[in-house]
Student: 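To start, I am sharing the structure in question, which I have written as structure tokens.
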Amino acid sequence: MEISGIDVKDLVEKYGTPLYVYDFQRMKDNAERLKTAFKSDTISVDIYYAMKANCHPAIVKLFWENGFGTDCVSPGELEVALKVGVNPENILYTGNYESLKDLSAAFKARVIINLDDIASLDRLLKVGKPERISYRINPGKGRGKYKEITTGGNKAKFGVPHEKSIVAYENALKAGIRRFGAHVMTGSGVLDEDHFPRMLNNFLDILGNIRHKLGITFEFIDMGGGFGIPYFEDGEALDIHIVGREVLRVFKKKVKELDLGNPTLAIEPGRYLVGDAGYLVSRVLGIKESYRKFAGVDAGFNTLIRPALYNAQHPIVIPGKENVEKKISINICGQICENTDIFAIDRMLPPLEEGDLIVFTQAGAYGSVMSMPYNLRLRPAEIAVINGKDVEITRRETMSDYFNRINL
Ligand SMILES: Cc1ncc(COP(=O)(O)O)c(C=O)c1O
């Protein structure tokens, strides 16, 4: 198995396992495809890379250099975006239950602030008054691949319920703010093309009501991210060109009909840009014939938590056995002392042996960023393949890193 022209076995020999490997060319290709899909002669479109998906500075920089702004959720993410040189005007800050400290960091950095609640404005005004404000609005409906990543609807903790959105903008008007944006993000990992224009259509109706009641217009309308990628047995990839075409059509039509001003359309993809460009490489440590058959590997939910968190399933490749028949049904687990540390249940794979490499693909989004040193199994190195060369962009965590934070 090769990743962007480099043999996985060579990478393992050099850097060990477990190991995250990223194909930077794939990220650039994803960026180009998305740009083309959302290209319009009449609507101005801003794309913000949702760095929560993978906040490595080299990756944030890659998307900035390819024409994307950055979507941040915390002062830490904001600091990374600024450090790699993203222009504050191209940074969107969308917090959740934002503290005064969070709001102060965003205000001082002069980035675009998108508030999570009506009360967030009161807190922000204690810090300062921006010229322009946006709210994340919960349209009362959500859609995500798993319930855990469905961020709209009546069970979601995010955003201002749409019934209260008029009060939210009214409060901003009363505070003397005259420039507005609006934001929605209803869920992640969606593979249905129709969802996006439908969700936008519904959101624009909500904004039309605000426009009608308060007389305000919007400088930007952000429909969030959520563009899915297929993982394991998910069917077809999303046709992003259909999504772009239909979203632009709905946007153009409804903005005019509802007299919403001359807004920019913003999108904030994370997973779509980095998900399929990442690989987690691990090694089989032991095969156990228990009540069920297990292969234990040196990665675990400490390295890639999506399977334990959402029961998400990643495709698996066994380098060197790509063409061997998948005739064994086996459970793949990690070394963590939790019974939820399972990557795959009853997966059909070629016969496995101790020492085999196991590669989890589609691991570039919400992978390494969610890793943790639980059980004091430390975080892996991250390797980028750039122009056919491997570059260690994060070294493997060591016990010295751990002890550095500890007062004995
Ligand atoms: C506000 C916001 N924007 C963007 C994203 C990125 O979503 P995705 O990775 O599905 O594109 C998320 C993810 O939950 C989000 O909450």
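Counting starts at 1 for both ligands and their atoms, following the listed order.
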Student: With sequence neighbours excluded, what pairs up with D356 under the salt bridge (Lys or Arg N to Asp or Glu O under 4.0 Å) test?
Tutor: K321
Student: Distance under 4.0 Å to a non-hydrogen atom of A50: what atoms of ligand 1 satisfy this?
Tutor: 4 (C), 5 (C), 6 (C)
Student: Provide the number and element of each atom of ligand 1 under 4.0 Å from a heavy atom of R136.
Tutor: 1 (C), 16 (O)
Student: Going by heavy atoms in the side chains, are R306 and N311 under 4.5 Å from each other?
Tutor: no
Student: Nearest protein heavy-atom contact for atom 14 (O) of ligand 1: which residue, which atom, what distance?
Tutor: M185 CE, 3.9 Å
Student: Got the closest protein heavy atom to atom 5 (C) of ligand 1, with its distance?
Tutor: K52 NZ, 3.5 Å
Student: Listed by chain and number, what are the salt bridge (Lys or Arg N to Asp or Glu O under 4.0 Å) partners of D7, not counting sequence neighbours?
Tutor: none
Student: Which bit of Y366 is near ligand 1, meaning a heavy atom under 4.0 Å away: side chain, backbone, both or neither?
Tutor: side chain
Student: Considering only heavy atoms of H183, which atoms of ligand 1 have at least one such atom less than 4.0 Å away?
Tutor: 1 (C)
Student: What is the closest protein heavy atom to atom 8 (P) of ligand 1, and at what distance does it sit?
Tutor: G226 N, 3.4 Å
Student: Which of the atoms in ligand 1, numbered in the order shown and given with their element, are less than 4.0 Å from a heavy-atom of P269?
Tutor: 11 (O)
Student: Find all atoms of ligand 1 within a distance of less than 4.0 Å from any non-hydrogen atom belonging to R271, and give their numbers and elements.
Tutor: 8 (P), 9 (O), 11 (O)
Student: Taking only heavy atoms of G270, which atoms of ligand 1 are found under 4.0 Å from at least one of them?
Tutor: 8 (P), 9 (O), 11 (O)
Student: Have a look at ligand 1 and work out which part of V73, if any, has a heavy atom under 4.0 Å from it: side chain, backbone, both or neither.
Tutor: neither
Student: Considering non-hydrogen atoms of the protein only, which is the closest contact for atom 10 (O) of ligand 1, and what is the distance?
Tutor: S188 OG, 2.4 Å
Student: For atom 3 (N) of ligand 1, which protein heavy atom lies nearest, and how many Å away is it?
Tutor: E268 OE1, 2.4 Å
Student: Does NZ or CZ of R347 fall inside the cone over F232's six-membered ring, less than 6.0 Å from its centre and within 45° of the axis?
Tutor: yes
